[in-house]
Amino acid sequence: SPTMSFSEAEVQSARGAWEKIYVDAEDNGTAVLVRMFTEHPDTKSYFTHFKGMDSAEEMKQSDQVRGHGKRVFTAINDMVQHLDNSEAFLGIVNPLGKKHATQLKVDPKNFRIICDIILQLMEEKFGGDCKASFEKVTNEICTHLNNVYKEAGW
């Protein structure tokens with residue numbers, strides 16, 4: 001559905017959870033990507049400049065991995081700021097989805113992978129409540145990205 005149904009309490013607790021991990025956006029964004037590339041090596045195929053990197057250590061040091069990790073976190077942060085405004089939220093999700101679907105041709109399952117890793121990291125660092133507060137957000141993000149993909153003919 002195009003409208004989101006977050007209660008005011010859900011918005012506040014999701015933002016509180018996100019703030020904890022977003023404080024270190026570059027390091028945590030990097031950790032998420034490194035884990036994705038390590039646990040799902042096929043995801044590296046979309047990033048030509050990451051292909052030659054095999055060790056997690058090498059990836060962690062890479063400016064390109066760090067830069068993309070930070071970009072991912074910045075995009076999610078923009079979405080989190082607009083959980084109470086569907087139009088603004090979709091204004092971020094739609095172009096992002098369209099670009100990944102049409103130009104970058106990234107399999108949409110990778111968004112779920114990234115979201116799941118973010119939730120894992122939240123749980124490891126800040127506990128189950130933090131993860132639980134953010135789960136609905138990741139579901140919304142993935143649902144809307146999948147909708148954009150369907151419209152783009154995936």
Side-chain angles (χ1 to χ4, degrees), residues 4-47 49-50 53 55-86 88-101 104-149 154:
M4 298 185 299
S5 53
F6 283 94
S7 70
E8 188 50 43
E10 285 173 326
V11 169
Q12 292 313 320
S13 84
R15 284 187 182 148
W18 175 249
E19 270 162 25
K20 291 179 180 170
I21 202 163
Y22 188 65
V23 169
D24 296 311
E26 190 174 316
D27 282 342
N28 286 326
T30 301
V32 166
L33 286 189
V34 169
R35 190 175 291 189
M36 178 175 79
F37 293 148
T38 310
E39 294 175 3
H40 307 269
D42 54 306
T43 57
K44 278 201 294 188
S45 64
Y46 297 104
F47 298 91
H49 43 282
F50 302 168
M53 291 180 209
S55 78
E57 215 30 66
E58 210 178 344
M59 291 178 213
K60 268 180 208 141
Q61 304 303 322
S62 157
D63 288 341
Q64 278 140 329
V65 175
R66 297 188 73 78
H68 197 72
K70 183 144 198 242
R71 264 202 305 286
V72 168
F73 267 48
T74 302
I76 294 172
N77 189 58
D78 291 343
M79 295 172 202
V80 169
Q81 301 318 315
H82 296 103
L83 294 176
D84 42 13
N85 179 340
S86 293
F89 180 89
L90 292 174
I92 298 156
V93 171
N94 289 344
L96 188 88
K98 205 165 276 176
K99 183 182 180 186
H100 282 76
L104 305 170
K105 310 230 187 294
V106 170
D107 189 318
K109 75 173 196 297
N110 293 332
F111 296 118
R112 185 72 260 173
I113 291 172
I114 281 196
C115 283
D116 286 345
I117 294 172
I118 289 171
L119 292 173
Q120 277 171 19
L121 197 66
M122 282 182 155
E123 187 168 28
E124 288 163 18
K125 289 186 170 229
F126 310 111
D129 288 352
C130 183
K131 176 192 173 184
S133 300
F134 204 67
E135 249 167 325
K136 189 171 177 180
V137 176
T138 61
N139 291 338
E140 282 298 328
I141 292 172
C142 290
T143 299
H144 288 293
L145 285 169
N146 282 328
N147 291 344
V148 175
Y149 268 72
W154 269 72

Quiz prompt | Short side-chain to backbone donor-acceptor contact, Lys60 and Ser55, under 3.5 Å | solution = no
Practice problem: Apply the test side chain to side chain contact (heavy atoms under 4.5 Å, CB included) to residues Met59 and Phe50: give CA-CA distance (whole Å), side-chain angles for both, the deciding distance (0.1 Å), then the verdict. | Solution: CA-CA 8 Å; Met59 291 178 213; Phe50 302 168; over 6 Å; no
Quiz item: Can you find a heavy atom in the side chain of Arg71 that is under 4.5 Å from one in the side chain of Ile76?
Solution: no
Self-check item: Distance (rounded to the nearest 0.5 Å) between Ile141 CD1 and Thr138 OG1
Solution: 7.0 Å
Quiz item: What closest approach, in Å, do Gly69 and Leu33 show between heavy atoms, and which atom pair accounts for it?
Solution: N-CD1, 3.4 Å
Exercise. For the pair Arg112 (side chain) and Cys142 (backbone), establish whether a donor and an acceptor sit closer than 3.5 Å, ignoring hydrogens and angles.
Key: no
Quiz item: Can Gln64 and His68 be said to form a side chain to side chain donor-acceptor pair (under 3.5 Å), step by step?
Solution: CA-CA 6 Å; Gln64 278 140 329; His68 197 72; over 6 Å; no
Quiz item: Does the pair Trp154 and Val148 meet the rule for a side chain to side chain contact (heavy atoms under 4.5 Å, CB included), with working shown?
Solution: CA-CA 9 Å; Trp154 269 72; Val148 175; over 6 Å; no
Exercise. Determine whether Ile21 and Phe73 make a side-chain contact, defined as any pair of heavy atoms from C-beta on separated by less than 4.5 Å.
Key: yes
Self-check item: Pairing of Asp24 and Lys70 as salt bridge, 4.0 angstrom limit
Solution: no
Quiz item: Which distance, rounded to the nearest 0.5 Å, do you find between the CD1 of Ile117 and the CE of Met122?
Solution: 13.5 Å
Self-check item: Exceeds 12 heavy-atom contacts within 6.0 angstrom, atom CG of Asp63
Solution: no
Practice problem: Have a look at Gln120 and tell me which of Lys131, Arg35, Lys125 forms a side chain to side chain contact (heavy atoms under 4.5 Å, CB included) with it. | Solution: Arg35
Exercise. For the residue pair Phe47 and His49, categorise the inter-ring angle as parallel (less than 30°), tilted (30 to 60°) or perpendicular (more than 60°).
Key: perpendicular
Quiz prompt | Side-chain (Tyr22) to main-chain (Ala17) donor-acceptor, under 3.5 angstrom | solution = no
Quiz item: Taking atom CD of Gln12 and atom OG of Ser133, what is their separation to the nearest 0.5 Å?
Solution: 11.5 Å
Quiz prompt | Beyond-backbone contact of Met79 with Leu96, side-chain heavy atoms, under 4.5 angstrom | solution = yes
Quiz prompt | Asn139, CG atom: more than 12 neighbouring heavy atoms under 6.0 Å | solution = yes
Practice problem: Check for a donor-acceptor pair, side chain of Gln81 on one end and backbone N or O of Asp78 on the other, with a separation under 3.5 Å. | Solution: no
Exercise. Locate the shortest heavy-atom distance separating Tyr149 from Val106; write the atom from each residue and the value.
Key: OH-O, 2.6 Å
Practice problem: Find the distance between OG1 (Thr43) and CD1 (Ile114) and round it off to the nearest 0.5 Å. | Solution: 8.0 Å
Self-check item: Cys115 SG to Met36 CE distance, which is reported to the nearest 0.5 Å
Solution: 11.0 Å
Practice problem: Enter the distance from Glu135:CD to Glu140:CD here, rounded to the nearest 0.5 Å. | Solution: 13.0 Å
Quiz prompt | Test ring pair (Phe, Tyr, Trp, His ring centres under 6.0 Å) applied to Phe111 and His100, step by step | solution = CA-CA 10 Å; Phe111 296 118; His100 282 76; 5.5 Å; yes
Quiz prompt | Pair Arg66 + Glu26, salt bridge at N-O below 4.0 Å | solution = yes
Quiz prompt | Closest non-hydrogen atom pair between Leu145 and Gly97, with its separation | solution = CD2-CA, 3.6 Å
Quiz item: Are Met53 and Ser62 close enough that some pair of their side-chain heavy atoms sits under 4.5 Å apart?
Solution: yes
Quiz item: Of the options Val93, Ile92, Asn85, which is the one that meets Phe89 in a side chain to side chain contact (heavy atoms under 4.5 Å, CB included)?
Solution: Val93
Quiz item: Run the side chain to side chain contact (heavy atoms under 4.5 Å, CB included) check on Glu123 and Cys130 step by step: do they pass?
Solution: CA-CA 6 Å; Glu123 187 168 28; Cys130 183; over 6 Å; no
Quiz item: Tell me, do Phe126 and Leu121 make a side-chain contact under 4.5 Å, heavy atoms counted?
Solution: no
Exercise. Would you check if Tyr46 and Leu104 make a side-chain contact, meaning some heavy-atom pair closer than 4.5 Å?
Key: no
Self-check item: Residues Lys136, Ser5; criterion side chain to side chain contact (heavy atoms under 4.5 Å, CB included); working and verdict
Solution: CA-CA 10 Å; Lys136 189 171 177 180; Ser5 53; 4.0 Å; yes
Quiz item: Any idea how Phe134 and Trp18 line up, ring-wise: parallel (<30°), tilted (30 to 60°), or perpendicular (>60°)?
Solution: parallel
